[in-house]
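The structure under discussion appears below in the form of structure tokens.
Just follow the structure's listing: the first ligand is 1, and inside any ligand the first atom is 1. Source: prediction; values computed, not measured.
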Amino acid sequence: MRLLAAFSSLLSLSSALALDARQAKPTPGNLVQVTNFGTAPTKAAFWIYVPKKLAEVPGIVVAVHYCTGTAQQYYSGSPYKTLSEQYGFIVIYPSSPHSGTCWDVSSKATLSHNGGGDSNTIANMVKWTITTYAADAAKVFVTGTSSGAMMTNVLAATYPDMFAAGIAYSGVPAGCFVSTSNGVAAWNGTCADGRAVATPQKWAQVVFDMYPGYNGTRPKMQIYHGSADATIRPQNYQETMKQWAGVFGYNYDKPELTKSNDPQSGYTRTTYGPRAEGIYASGVGHSVAIRGADDMKFFGFA
Ligand SMILES: *[C@@H]1O[C@H](CO)[C@@H](O)[C@H](O)[C@H]1NC(C)=O
Ligand SMILES: *[C@@H]1O[C@H](CO)[C@@H](O)[C@H](O)[C@H]1NC(C)=O
């Protein structure tokens with residue numbers, strides 16, 4: 001009897017999900033929290049999914065949840081875990097430490113490269129994963145929904161050297177949620193309501209100012225937004241497209257290609273250049289459904 005108790009407590013110990021220094025690598029096939037990944041300037045939590053069929057040199061997808069969401073919810077509610085088993089990449093699910101679980105996309109710290117905000121903490125999760133798994137540093141991607149889409153744009157702007165591509169579902173331009181009083185995870189009604197309107201040059205400068213002096217390659221970007229979005233008004237789609245078109249020096253007023261009913265009926269795909277495209281979903285509200293198979297193509301896994 002005592003042996004059985006000892007055995008079952010051993011079992012529960014080994015299946016404990018929190019990691020410590022003695023267990024260097026998370027168990028594949030589980031959503032696991034990594035508690036010790038070096039410097040974490042904010043309390044954003046680090047959850048990871050390592051597929052059972054890990055690629056030899058795996059890529060990494062950072063999947064960022066929406067407000068009120070958690071890493072666990074985005075893990076169960078998005079297709080990336082299943083896709084990681086198919087393609088062998090690792091998924092990082094950061095979890096917001098703020099009340100209401102919106103991401104900090106407003107403070108000076110998070111809107112700066114190595115500025116000590118949530119973006120910095122997430123970048124450090126990526127660095128830990130690259131080192132621990134000898135992952136492919138050229139195949140690091142970021143995606144997210146709503147607040148997670150805002151963070152996707154912020155990470156693309158603050159860590160252009162880290163990410164090869166980003167896909168944002170229903171977000172705002174990087175820096176649009178800025179808090180002039182430097183609030184952390186502050187709501188910005190002007191931006192949410194679609195009243196933060198600027199030129200492509202101005203929006204591009206917002207990106208450049210997040211990592212001054214950076215002149216290397218930047219992630220290619222794909223932006224989804226619904227035309228009936230009442231939470232993050234659809235003007236944010238136009239502004240985000242201006243931003244990335246501006247960053248890459250594309251002419252926002254003369255896209256390369258506009259295609260109706262692509263990738264599905266009622267959606268319109270606009271290609272501004274090889275590194276920036278938008279998909280506008282007519283009649284769709286906040287939180288456009290994730291198109292996992294298309295994401296895999298955009299990231300180059302499929
Ligand atoms: C909200 O963001 C806009 C830029 O997008 C900025 O001009 C405005 O000052 C911000 N509002 C607050 C209250 O900080
Ligand atoms: C790009 O930045 C690097 C490092 O900051 C610098 O050495 C290099 O001269 C810059 N290149 C150009 C074309 O500005």
Sidechain N-carboxylate O distance under 4.0 Å for R269, E277: yes
W128 and F46 aromatic centres sub-6.0 Å: yes
Numbering as shown, the atoms of ligand 1 that approach S179 to under 4.0 Å (heavy-atom distance): 14 (O)
Positive for ring-ring contact (aromatic ring centres under 6.0 Å, His included) with H65, one of Y93, W103, Y80, W47: W103
Under 3.5 Å: N/O of T180 near N/O of ligand 1: yes
Aromatic ring proximity Y272/Y252, centre distance under 6.0 Å: yes
Atom indices of ligand 1 within 4.0 angstrom of A196 heavy atoms, with elements: 5 (O)
Closest to atom 3 (C) of ligand 1 (judged by heavy-atom distance), picking from N182, N188, V172: N188
Shortest protein contact, atom 5 (O) of ligand 1 (heavy atom only): C176 O, 2.7 Å
Charged tip of K139 within 45° of F89 ring normal and under 6.0 Å: no
Backbone or side-chain N or O of F177 under 3.5 Å from ligand 1 N or O: no
Chi angles and distances behind the side-chain contact (heavy atoms from CB on, under 4.5 Å) call for D229, V284: CA-CA 7 Å; D229 192 332; V284 177; over 6 Å; no
Atom 7 (O) of ligand 1: any protein heavy atom closer than 4.0 Å: no
